[in-house]
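Quick note: residue numbers are just sequence positions, from 1.
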Amino acid sequence: MADGFKHLVLVKFKEDVVVDDILKGLEKLVQEMDIVKSFVWGKDAESHEMLTQGFTHAFLMTFNNKDDYTTFVSHPNHVEFSATFSTVIDKAVLLDFPAISVKAPAPA
């Protein structure tokens, strides 16, 4: 069953970057844009260094469909944030994909 369109970003920040400032900017961006249906992020806390390949943070956004994602990417607020974001990362991996739900979240 399709579960929206996902935008996954894995990041290794450059040395001496104030990551909290970047995270605040990213949270502000997604909160201002209703087109983003959900946004979660986390910092790796458990994996062995050789498995992370230096990546420390993961960001996952959910959109209703690919068209909404395309609209988000071309939005001036995203374009502006991306220009800043690209200057503070050492490397990144991006995956954009239609999500396939195998097991739905349990009701709270």
Side-chain angles (χ1 to χ4, degrees):
M1 178 172 103
D3 188 22
F5 193 83
K6 305 284 186 181
H7 175 57
L8 173 66
V9 182
L10 304 177
V11 172
K12 176 185 179 191
F13 288 102
K14 291 180 180 175
E15 296 286 331
D16 302 323
V17 168
V18 181
V19 176
D20 284 349
D21 290 350
I22 301 302
L23 296 175
K24 285 176 187 156
L26 184 54
E27 289 174 0
K28 182 177 184 288
L29 172 70
V30 297
Q31 287 170 350
E32 290 174 348
M33 300 185 68
D34 291 339
I35 202 164
V36 180
K37 292 304 166 194
S38 72
F39 170 66
V40 296
W41 71 268
K43 181 178 180 184
D44 180 72
E46 299 293 327
S47 298
H48 295 288
E49 176 72 23
M50 66 179 233
L51 297 177
T52 66
Q53 298 180 36
F55 293 97
T56 57
H57 291 74
F59 306 97
L60 180 63
M61 294 180 194
T62 302
F63 300 85
N64 282 332
N65 51 52
K66 186 177 180 182
D67 289 344
D68 284 358
Y69 167 71
T70 302
T71 299
F72 170 76
V73 170
S74 61
H75 191 282
N77 291 3
H78 177 265
V79 171
E80 180 182 345
F81 181 82
S82 290
T84 300
F85 193 72
S86 64
T87 66
V88 298
I89 56 174
D90 184 28
K91 59 182 179 175
V93 173
L94 278 67
L95 296 174
D96 302 310
F97 56 96
I100 307 301
S101 283
V102 176
K103 182 176 180 181

Exercise for the section: Flag the pair Thr70 / Phe63 as yes when at least one side-chain heavy-atom distance between them is below 4.5 Å, and no otherwise. Expected result: no
Handout entry: Flag side-chain contact, heavy atom, 4.5 Å: Asp44 against Phe55
Key = no
Fill in the blank from the handout: So CZ of Phe81 and CD1 of Ile22: to nearest 0.5 Å the spacing works out to 6.0 Å
Exercise for the section: Please work out whether the ring planes of His78 and His7 are parallel, tilted or perpendicular, with thresholds of 30° and 60°. Expected result: perpendicular
Exercise for the section: For the residue pair Phe13 and His57, categorise the inter-ring angle as parallel (less than 30°), tilted (30 to 60°) or perpendicular (more than 60°). Expected result: perpendicular
Practice task
Would you mind reporting whether Asp96 and Tyr69 have side-chain heavy atoms less than 4.5 Å apart?
Solution key: yes
Practice task
Indicate yes or no: at least one non-hydrogen side-chain atom of Phe39 is less than 4.5 angstrom from one of Glu27.
Solution key: yes
Exercise for the section: Check whether any side-chain heavy atom of Leu23 sits under 4.5 Å from a side-chain heavy atom of Phe59, and report yes or no. Expected result: yes
Completion exercise
Minimal heavy-atom distance between Val73 and Val79, with the atoms involved, is O-CG2, 3.7 Å
Problem - Closest approach of Thr52 to Ser47 (non-hydrogen atoms, all atoms of both residues) - result: CG2-CB, 3.4 Å
Handout entry: Spatial distance of atom CG (Leu29) from atom NE2 (His75) [nearest 0.5 Å]
Key = 8.5 Å
Handout entry: Min side-chain heavy-atom separation Phe5-Asp68 under 4.5 Å
Key = no
Problem - Minimum heavy-atom distance between Lys37 and Asn64, given as atom pair plus value - result: CE-ND2, 3.1 Å
Handout entry: Val19 reachable from Val9 in the ILVMFWY side-chain graph, under 4.5 Å edges
Key = yes
Exercise for the section: Report yes if the side chains of Lys28 and Asn77 come closer than 4.5 Å at any heavy-atom pair, otherwise no. Expected result: no
